[in-house]
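See structure below.
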Amino acid sequence: MDEPSPLSAISREPERSAILLDVDGVLAPIVAVPHEAAVPPVTQDELRRLAERYALVACISGRAGADARRVVGVDQLVYVGEH
């Protein structure tokens, strides 16, 4: 008996699901100068698509929340920063 994938559960009920993502090294490539980090446009487009479908899409970062928002560049998301 095959168990359903955990991802199948969130795609089946997106209105009851959350997607939590790390910023640096996951959404934004690591760069030599942290202030120059940025999420690529194709990733921003996908984040906007996810935000329209899921109850919550949030970005978690060791950066300040406002700085994480600047790096990601998608206003529809929730940002949680450590600082």
Side-chain angles (χ1 to χ4, degrees):
M1 195 186 217
D2 291 330
E3 297 228 2
S5 159
L7 292 177
S8 68
I10 69 167
S11 65
R12 197 170 42 252
E13 295 185 87
E15 69 282 355
R16 297 181 47 167
S17 300
I19 298 175
L20 309 176
L21 302 161
D22 186 32
V23 176
D24 290 296
V26 176
L27 295 175
I30 299 294
V31 293
V33 180
H35 186 72
E36 294 177 357
V39 171
V42 67
T43 304
Q44 291 173 329
D45 291 343
E46 183 61 17
L47 291 168
R48 287 183 191 94
R49 187 189 72 77
L50 291 170
E52 290 176 5
R53 178 174 165 92
Y54 290 91
L56 173 68
V57 179
C59 295
I60 313 300
S61 180
R63 296 171 179 265
D67 196 28
R69 180 182 297 274
R70 177 194 61 78
V71 170
V72 176
V74 178
D75 289 335
Q76 298 93 322
L77 309 182
V78 172
Y79 294 88
V80 179
E82 181 180 319
H83 304 291

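Listed here is the closest heavy atom pair of E15 and A55: O-CB, 3.3 Å. Heavy atoms only, all atoms of each residue included: V71 and A28 are closest at CG1-CB, 3.8 Å. Minimum interatomic distance between V33 and V31 (heavy atoms only, all atoms of both residues): O-CG2, 3.1 Å. The two atoms that bring A37 and D24 nearest to each other are CB-OD1, 3.9 Å, heavy atoms only. Nearest approach of L77 to C59, heavy atoms of both residues: CD1-SG, 3.7 Å. Scanning all heavy atoms of the two residues, the minimum distance from P29 to A38 falls at CD-O, 3.5 Å.
Considering I60, V72, D67 in turn, V72 is the only one that fulfils the side chain to side chain contact (heavy atoms under 4.5 Å, CB included) rule with Y79.
Atom OG in S61 sits 12.5 Å away from atom CZ in R69 (nearest 0.5 Å). The CG atom of L50 sits 4.5 Å away from atom CD1 of I19, with the distance rounded to the nearest 0.5 Å. One finds the CD atom of E52 at 11.5 Å from the CG atom of L47 (value rounded to the nearest 0.5 Å).
In this structure, the side chains of L56 and L20 come closer than 4.5 Å at one or more pairs of heavy atoms.
Remark: E46 engages R49 in a salt bridge, criterion side-chain N to carboxylate O under 4.0 Å.
A side-chain donor-acceptor contact under 3.5 Å links R63 to the backbone of P34.
No path of Ile, Leu, Val, Met, Phe, Trp and Tyr side chains, each step under 4.5 Å between heavy atoms, connects V42 with V26, placing them in separate hydrophobic clusters.
The environment of CZ in R70 is crowded: more than 12 heavy-atom neighbours from other residues, nucleotides or ligands sit within 6.0 Å.
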What verdict does the side-chain contact (heavy atoms from CB on, under 4.5 Å) test give for R53 and S11, after you've listed the backbone C-alpha separation in whole Å, the side-chain angles of each residue and the deciding distance to 0.1 Å? CA-CA 9 Å; R53 178 174 165 92; S11 65; 4.0 Å; yes
